[in-house]
Enquirer: 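Mind having a look at this structure? Questions to follow.
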Amino acid sequence: MVTEQEVEAIGRTLVDPQQPLQTRFRALFTLRGLGGPGAIGWISQAFGDDSALLKHELAYCLGQMQDKRAIPVLVDVLRDTRQEPMVRHEAGEALGAIGDPEVLEILKQYSMDPVVEVAETCQLAVRRLEWLQQHGGELVGGPYLSVDPAPPAEERDVGRLRQVLLDEARPLFDRYRAMFALRNAGGEEAALALAEGLRCGSALFRHEVGYVLGQLQHEAAVPQLAAALARRAESPMVRHECAEALGAIARPACLAALRAHAEDPERVVRESCEVALDMYEHESGAEFQYADGLERVRPPLS
């Protein structure tokens, strides 16, 4: 049983800029797991922070919670042109993840946003909602628990999926479907096919490839992820996702790449490496769970 006081204590950690970023991330993912109006309220408060990385993750978590009570704050973030593009993009994706058709019109409106990452995200979210309407609701099953911006393709052949993934003439929604089908297929061949996607498509597409490789956690993709992280000309939102993927894969080569960029001049990359190093320690250590906010606010058992 979780008390209101415990939720408040975790929420105060999240919104406290004096707390280490990795501690705030752990608080955020604890609130995501707890759910409910209290958790949504605290997550919503943190959109006033000055860390684009944190705000990006706030929007991501609200989408993954799939609670319609988060729609108003996500719409506000999407509309707020003072927010960084990667934050607005994630708000649009989160609205698609919640899956309520009431947001279709706002998503269609921002499908023509002058910021290409926002426009493409909203186009994908519209397609996702239309797909849900056509197929009678949310897709159930699969090896991952995340709510994805596109359903995986029915195709299972890795070679054919690779062709669709890398074909820049194909609609973005189809390429995303191939991406998530490759993730679900798993294994080295799928990981290497996905890693090729780090060199093609829009920044939004490459960003999503980095995210998916972090979910897949296959070490075959480490060289390509490390190379993308090291490319200073690459979009920061791509480099940030590659850093987090390296933290999730948690192999020694990942550690070297993350440490090399721990002082990167791009704040979102620097902060992503900080969080990824914490993830690395969790993945390679003996901790039971990453989202340990409750353990941090509860007194130890005697």
Side-chain angles (χ1 to χ4, degrees), residues 32 40 43-44 47 52 55-81 83-140 142 144-153 164-165 168 170-184 197 201-212 214-215 235 237-238 240-241:
R32 169 191 161 181
I40 291 171
I43 293 172
S44 300
F47 279 110
K55 291 182 289 186
H56 170 275
E57 298 296 327
L58 299 174
Y60 170 77
C61 286
L62 288 177
Q64 295 298 299
M65 291 161 73
Q66 292 192 295
D67 190 323
K68 295 179 183 179
R69 289 171 290 197
I71 288 175
V73 68
L74 289 168
V75 168
D76 286 345
V77 173
L78 175 61
R79 285 175 167 156
D80 186 357
T81 55
Q83 292 282 13
E84 296 85 352
M86 67 180 287
V87 180
R88 295 181 62 221
H89 128 73
E90 200 63 46
E93 189 169 293
L95 288 167
I98 291 171
D100 192 323
E102 77 169 69
V103 300
L104 261 173
E105 289 308 311
I106 188 74
L107 288 171
K108 288 178 180 177
Q109 177 185 340
Y110 283 92
S111 291
M112 296 178 285
D113 196 88
V115 178
V116 65
E117 294 86 357
V118 175
E120 288 183 342
T121 298
C122 291
Q123 291 161 20
L124 285 164
V126 167
R127 288 288 289 114
R128 181 180 192 277
L129 290 173
E130 290 174 344
W131 189 94
L132 291 176
Q133 289 178 325
Q134 293 163 6
H135 292 81
E138 197 66 63
L139 187 72
V140 179
Y144 294 88
L145 299 177
S146 59
V147 184
D148 301 320
V164 176
L165 177 82
E168 298 191 43
R170 297 289 291 262
L172 191 58
F173 191 71
D174 292 350
R175 298 176 73 198
Y176 265 56
R177 295 196 67 192
M179 185 189 307
F180 289 104
L182 282 166
R183 178 203 63 186
N184 289 357
S202 65
L204 178 70
F205 178 81
R206 298 193 301 277
H207 157 94
E208 200 69 29
V209 169
Y211 166 76
V212 166
Q215 287 189 302
S235 165
M237 71 183 289
V238 179
H240 116 77
E241 205 65 72

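Positions are given from 1, in the same order as the sequence printed here.
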Enquirer: For Ser202 and Glu117, what are the C-alpha separation, side-chain angles and deciding distance, and is it a side chain to side chain contact (heavy atoms under 4.5 Å, CB included)?
Expert: CA-CA 8 Å; Ser202 65; Glu117 294 86 357; over 6 Å; no
Enquirer: Taking all heavy atoms of Val73 and all of Ser44, pick out the closest pair and write down the distance.
Expert: CG1-OG, 3.4 Å
Enquirer: At their closest point, which heavy atom of Leu74 faces which heavy atom of Ala91, and how far apart are they?
Expert: O-CB, 3.6 Å
Enquirer: If you take all heavy atoms of Leu62 and Ala70, which pair is closest and at what distance?
Expert: CD2-CB, 4.0 Å
Enquirer: Taking only distance into account, with no hydrogens and no angle test, what donor-acceptor pairs under 3.5 Å do side-chain atoms of residues 100-115 form with protein atoms, sequence neighbours excluded?
Expert:
| unit_1 | atom_1 | unit_2 | atom_2 | d |
| --- | --- | --- | --- | --- |
| Asp100 | OD1 | Glu102 | N | 2.9 |
| Ser111 | OG | Leu107 | O | 2.8 |
| Ser111 | OG | Gln123 | N | 3.4 |
| Asp113 | OD1 | Arg88 | NH2 | 2.7 |
| Asp113 | OD2 | Arg88 | NH1 | 3.4 |
| Asp113 | OD2 | Val115 | N | 2.9 |

Enquirer: Do you know the tightest heavy-atom contact between Ile43 and Met65?
Expert: CD1-SD, 3.9 Å
Enquirer: Shortest non-hydrogen contact from Pro149 to Phe173?
Expert: O-CE1, 4.1 Å
Enquirer: Could you tell me whether the side chain of Gln66 and the main chain of Ala97 form a donor-acceptor pair under 3.5 Å?
Expert: yes
Enquirer: Hey, could you give me the CE/NE2 distance between Met86 and His56, rounded to the nearest 0.5 Å?
Expert: 4.5 Å
Enquirer: For the CD atom of Glu208 and the CG atom of Asp148, what is their distance to the nearest 0.5 Å?
Expert: 8.0 Å
Enquirer: Has Arg128 got a side-chain atom pairing as donor or acceptor with Ala150's backbone, closer than 3.5 angstrom?
Expert: no
Enquirer: Any idea which heavy atoms bring Phe47 and Lys55 closest together, and the distance?
Expert: O-CD, 3.3 Å
Enquirer: Begin from the C-alpha positions of Leu204 and Tyr176 and carry the test side chain to side chain contact (heavy atoms under 4.5 Å, CB included) through to its verdict.
Expert: CA-CA 11 Å; Leu204 178 70; Tyr176 265 56; 3.5 Å; yes
Enquirer: In Å, rounded to the nearest 0.5 Å, how long is the span from CE of Met179 to OH of Tyr211?
Expert: 11.5 Å
Enquirer: Closer than 3.5 angstrom, by distance alone: can the side chain of Arg206 be matched with the main-chain N or O of Gly201 as a donor-acceptor pair?
Expert: yes
Enquirer: Please name the residue in the list Glu84, His207, Glu120, Gln83 that meets the side-chain hydrogen bond (donor to acceptor under 3.5 Å, both in side chains) test with His89.
Expert: His207
Enquirer: Test Arg127 against Arg177 for side chain to side chain contact (heavy atoms under 4.5 Å, CB included), laying out the working first.
Expert: CA-CA 11 Å; Arg127 288 288 289 114; Arg177 295 196 67 192; over 6 Å; no
